[in-house]
Amino acid sequence: MAGWTTLSIIWTCFVLAVVNGRPNVVEFAPPEPQCGYRSCPATSDTMLNVHLVPHTHDDVGWLKTVDQYFYGSRNDIQHAGVQYILDSVIPELLSDPSKRFIYVEIAFFARWWREQDATMKGNVRKLVSEGRLEFVLGGWCMNDEASTHYNAMIDQHTLGFSFLEEEFGDCGRPRVGWQIDPFGHSREQASMFAQFGFDGLFFGRLDYQDKDTRVKQNNMEFVWRGSPKNLGKTSELFTGVLYNHYVPPPGFCFDELCNDEPIMDDERMHDVNIQSRVQDFIKVVKDQAQHFHSNNIMMTMGSDFQYSNAHTWYKNLDKLIKYVNQQQSNGSDINLLYSTPSCYLYNLNHLNQVWNSTKDDFFPYASRENTFWSGYFSSRAALKGYARKSNNFLQVCKQLDVLADLRRQGMFATENLRVFKEALGVVQHHDGISGTEKQHVADDYAQRLAVGAERCQLVTNAAFEKLLPKGSESAPKQVYCSLTNISYCDFTEHQKQFMMTVYNPLGHLITDFVRIPVAGGPYRVVDPKGFNVTAQLVQVTNETKRIPERNKSIATNELVFMVEVPPLGYSTYFIVETNNMDEATSQSSKTVSLPRDQSEIPLYIDNDEYLVNLDNINSNTLGLTNKRKNISIPLNQAIWWYEAHGGNCSKGEFQASGAYALRTKGERHRLQDDTSVYLTTGELVQEAHMNFGPEATEVIRLYKNMPFVEVEWTVGPINIKDKLGKEYITLYDTQSMASGDLFYTDANGREILERQRDHRNTWNFNNTEHVAGNYYPVNSRIFIQDKNQNQQLTVLTDRSEGGSSLESGSLELLVHRRLLYDDHFGVGEPLNETGADGQGLIVRGKHLMILDTIKDSPALHRSLALKSYMAPSVSFSELTMTPEQAMTKYNTQWSALKKPLPANVHMLTLEQWTDTPKIEPIEVPQILIRFEHIYEIDEDPVLSQPAVVDLTDFTTFKIVTMKELTLGANLPLAELNRLPWAYIPDTKEELLTKEKLLNTAISSSASTISLQPMQIRTFVATLDKMH
Ligand SMILES: [Zn+2]
């Protein structure tokens, strides 16, 4: 998205002396047309080369859905049709070898491509092979960087890259990142781009104070160190901030969507303006050039959905180039040329310059005073949660496709997976998962995820059909329940007995608790080996029953029990309703509702790990004790809200809180609490239910032996009858930990970044918004530390949220927003989600709280974060016999690994792979497999050590050959040859660390691979055969 007003130029009538001048071409002239840097246009080393980059920015959904944008439907909302852009640009390129165009979003390009005939495809391939049409970035979309998870980011790029590789070979491989519109930039993204093999990154938005400083200091281009501590040089990326956001300089937009004056150059005609247009352009060139280091600058000639009539752009640019370059014969040193970001980059690389560097990220982004774009960290909390869960299921689906060898059944799995992959791909867009799209577009994203998940269920069903039966018995259909978070599952509520299959996508043995909505009881629960399993029935509360999305549910209880699932495998459990109390393994919970002022009754819940004391509930203060470590803190833990600022956004002081911006008014308010607390206790789970009036509830939960405190929050419908928009937070205020002004948040679920309140490392930060200016993306965790007391309080999230520490010892997370004003960044709607009954959306999510020593916390938060985003997948099926009979017919427990992966290793990717996916099914099966070290250096004395993975541990396939690829899986790592960039390191020690890592990073043998902290290694492997 972009908001930009083009300025019209006041022109004067003048006669121009036309002289045929040519630029003084000296260096870098390519010998013959080829793609990549060899296809770059000639530049002059004695002139100021102005790289004009014709481009279009095509949002994969925003005001219209991705398909509406493609076809150009609903032009009443926004005049935009991507198909016409490509239809229009290609003939322009074909007609003139000097012209260039870049294309970015593969979700659109792939839609267009499949409609083209062989002639057109041939023409486009020629353009790509000559570098005249160049793909930059090359993801399925230009993903958001604040609310995306690294697993989904890598996947959506891999999806785009594989399309480009398949259709265009190496000439389709993108060389640069192009994040021109996302609203803040993540260091993890930079690290990822470097590992994709990109030579550089360009982006458009950064804090206005940061940009002012960088412009003044000629520091718009630098080396971004994406993982200075862990990955060193592998993660370094040359980065350029675009001077004019991503639009043309004012007055020079020649698109038919713009109102700027065309170049009028016939002196016989009235209104001829060529003289003034040339002089004006020379002025903007000189203005820009003084803020850059070299004799090359780049100008983005295009904007949102532009070039649907490419001729208007190119015709005027042709004239601009011609007449500005003619001035060279009058002594001008300005040389305009059609170019691309990678060719601009290539020229910079030849300067042999030593650049500045940075280790910071670019969050939060402020566009002016009072206007911090930190609201979208939390906007559309339900969509953010759904996207996270969907990624979880996609990984399950891809794994089962491989492990059950569904390739042998033809392309059906691949085709169904494609639908889900593409759905996840578009949702990562910077107006998708960010929550900054119109409501109907958010609905479309959710529908895509739902359709994709349904298609994937066909794949998992096919897999279980192969894996479950021992003999010729066919496996029962697996049914999935996506609403168990609100205690609703149509299948289990209506079955007297059923099977439950739990698939574990992690390479480690897991124990976890499941909660199954049921309408009867008691139950006998039987494990995969035939042993009885203790279960606990927990009543569905009235607070849950009021959620309108579950109005068809008849569940009265949730059946809770512990499951144990082997690595990359499944366990099948049997649930049978019984009237025989001797048979039943489920027990009802004890429930009691206690008034808060009844102090003589000790009020607490506990397990072996934690004790949560609720005695002081009246003041909302809990006592939180880690029993094993003997750490106790008071904790003000409750749901609070901020009033959202209204306003017409005409200037900073009138900025409204909206889908993008967060702007709170006044102090936070505590919700009115109920006068009692409801406890439900039993052998497996202890719960304290607290109500905060009609708008919010919380359940604090302790599962047997689980080393965390679960806080389940339910917020909504947010009351707007008072005509106030509201921002709901959960507060974790320890009132005892001295964490000062420091706190820590993760980047896209991976590395941890230190944050300092009211401070930025590289400029003198004047914070005009105490709350919004201190909010950061929390993709998976936030924590504070008290170094003197050796305490760390960590809160893990189940989706991306905005969070901060606004006072020493305190954490908060923004979990749900309901707003009444648009924040004037184009979306044109207030963020007012109304839910199934139109009364206001209710959102439910979970936080996991860990109180531990600083040293022992990483082992817990790393493993819990992994288990949270890659949770076991639960499916149900009919049981028409006794569990004992079923055990003779089905494999009730199974693992694809002989032994678990090391505790610090995660298998990030396992999917079918082929260099030529169109040929089906190929004889030699190939897989794409990624292993990841999930710890940073020095986080844990044991788990931060390098890890070794034994590739012979798979039971279902044998790896014959392995080839290591770049992270995006589109280039053999051995062939990667990135452009080198010299920079000024911060310290000598850092330089040494960097070099040390470099020497050890790439080493491999056939049967094992090694992993350094935070390293992800990507391989394509061929398999001998599946069993
Ligand atoms: Zn955009």
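Read the numbers this way: they start at 1 and go in the same order the structure lists the ligands and their atoms. Reckoned from all heavy atoms, side chains included, excluding hydrogens, waters and symmetry mates. Since we're looking at a predicted model, the values are computed, not measured.
Nearest to the Zn ion (ligand 1), among the N, O or S atoms that Asp181 has, is OD2. Among the heteroatoms counted here (N, O or S) of Asp59, OD1 is the one nearest to the Zn ion (ligand 1). Of all N, O or S atoms in His430, the one lying closest to the Zn ion (ligand 1) is NE2.
Ring pair Phe377/Tyr775: centre-to-centre distance not below 6.0 Å.
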Check the pair Glu134, Ser342 against side chain to side chain donor-acceptor pair (under 3.5 Å), reporting the backbone distance first and the verdict last. CA-CA 9 Å; Glu134 183 180 313; Ser342 57; 2.4 Å; yes
Using side chain to side chain contact (heavy atoms under 4.5 Å, CB included), reason through Glu727 and Val771 one step at a time and then give a plain yes or no. CA-CA 11 Å; Glu727 318 275 0; Val771 177; over 6 Å; no
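Within a 6.0 Å sphere centred on OH of Tyr71, heavy atoms belonging to other residues, nucleotides or ligands number 12 at most.
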